[in-house]
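Quick notes on the structure that follows.
Residue numbering restarts at 1 for every chain, and letters A, B, ... go by the order of the sequence lines.
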Amino acid sequence: MAYWLLKSEPSSFSLEDLMVCRAPEPWSGVRNFQARNFMRAMRPGDLGFFYHSSCAKPAIVGEVEIVRASYPDHTALDPGDHHYDPRAVVNPDLWSMVDVAFKERYPAPVTLARLKACPALAGMRLLARGNRLSVLPVTAEEWQVIRRLARDS
DNA sequence: GCCAACGTTGGC
DNA sequence: GCCAACGTTGGC
């Protein structure tokens, strides 16, 4: 089993939004090849942190479970969609998405500041300089450390 | 709103 | 294949 981190701007889609869905939701709209390739490596049963970005308090706010392996992201085919990509019309498999299910919402978010202050997380990809990927792998060690931070807050 | 960092595009 | 220009991300 693998671990991941999924970024979303809470103003467009928050963990609370996923929570009220009460059903798996497609994680669509990713238009970066590295992030896409990470999604293609996801397997059902994998777990992910839900990270709120571009907001007042960037933080890991909870967990999701990957419940469906990658399949073509059809939002790329919709001219009315914000993430429309004409290249996908001739190559429908250009972009991928997975389905995620709500798993847990932490009582208190694990803030970016808190992550940065944790020596055990110094090598975390999320904290690497200039990182902008919206989908990132998380090591098993990092996963445990962050779960502990979430529990101890 | 600012700005650094990055991915992508396209001319050459 | 190089590289400048551009658009985007995301913390602050």
For nucleotides 2-9 of chain C, give me one character per nucleotide, 5' to 3': B if any protein heavy atom sits under 4.0 Å from the base, S if the only such contacts are to the sugar-phosphate, - if neither. -----BBB

Between OH of Tyr51(A) and C1' of dG10(C) the distance, given in whole Å, is 8 Å

Test item: Arg125(A) and Leu133(A) side chains (from C-beta on) under 4.5 Å apart, heavy atoms: yes

Run the ring-ring contact (aromatic ring centres under 6.0 Å, His included) test on Phe50(A) and Trp4(A) for me, step by step, so that the C-alpha distance in whole Å, both residues' side-chain angles and the decisive distance to 0.1 Å come before the verdict. CA-CA 9 Å; Phe50(A) 198 116; Trp4(A) 309 94; over 10 Å; no

Let me check something: do Tyr71(A) and Leu6(A) share a hydrophobic cluster, defined by ILVMFWY side-chain heavy atoms less than 4.5 Å apart, either directly or through other members? no

Looking at Glu63(A) and Arg147(A), is there a salt bridge between them, counting it only when a charged N and a carboxylate O are closer than 4.0 Å? yes

Describe the nucleic acid contact of Lys116(A) in one word from base, sugar-phosphate, nothing, applying a heavy-atom distance below 4.0 Å. sugar-phosphate

Within residues 25-36 of chain A: residues closer than 4.0 Å to DNA chain B (heavy atoms): Asn32(A), Phe33(A), Gln34(A)

Does the side chain of Ser53(A) pick up a donor-acceptor pair with the side chain of Arg132(A) at under 3.5 Å? no

For Phe102(A), what residues pass the ring pair (Phe, Tyr, Trp, His ring centres under 6.0 Å) criterion, not counting sequence neighbours? none

For the residue pair Phe13(A) and Trp27(A), categorise the inter-ring angle as parallel (less than 30°), tilted (30 to 60°) or perpendicular (more than 60°). perpendicular

Is the shortest heavy-atom distance from the side chain of His52(A) to the side chain of Ser14(A) under 4.5 Å? yes

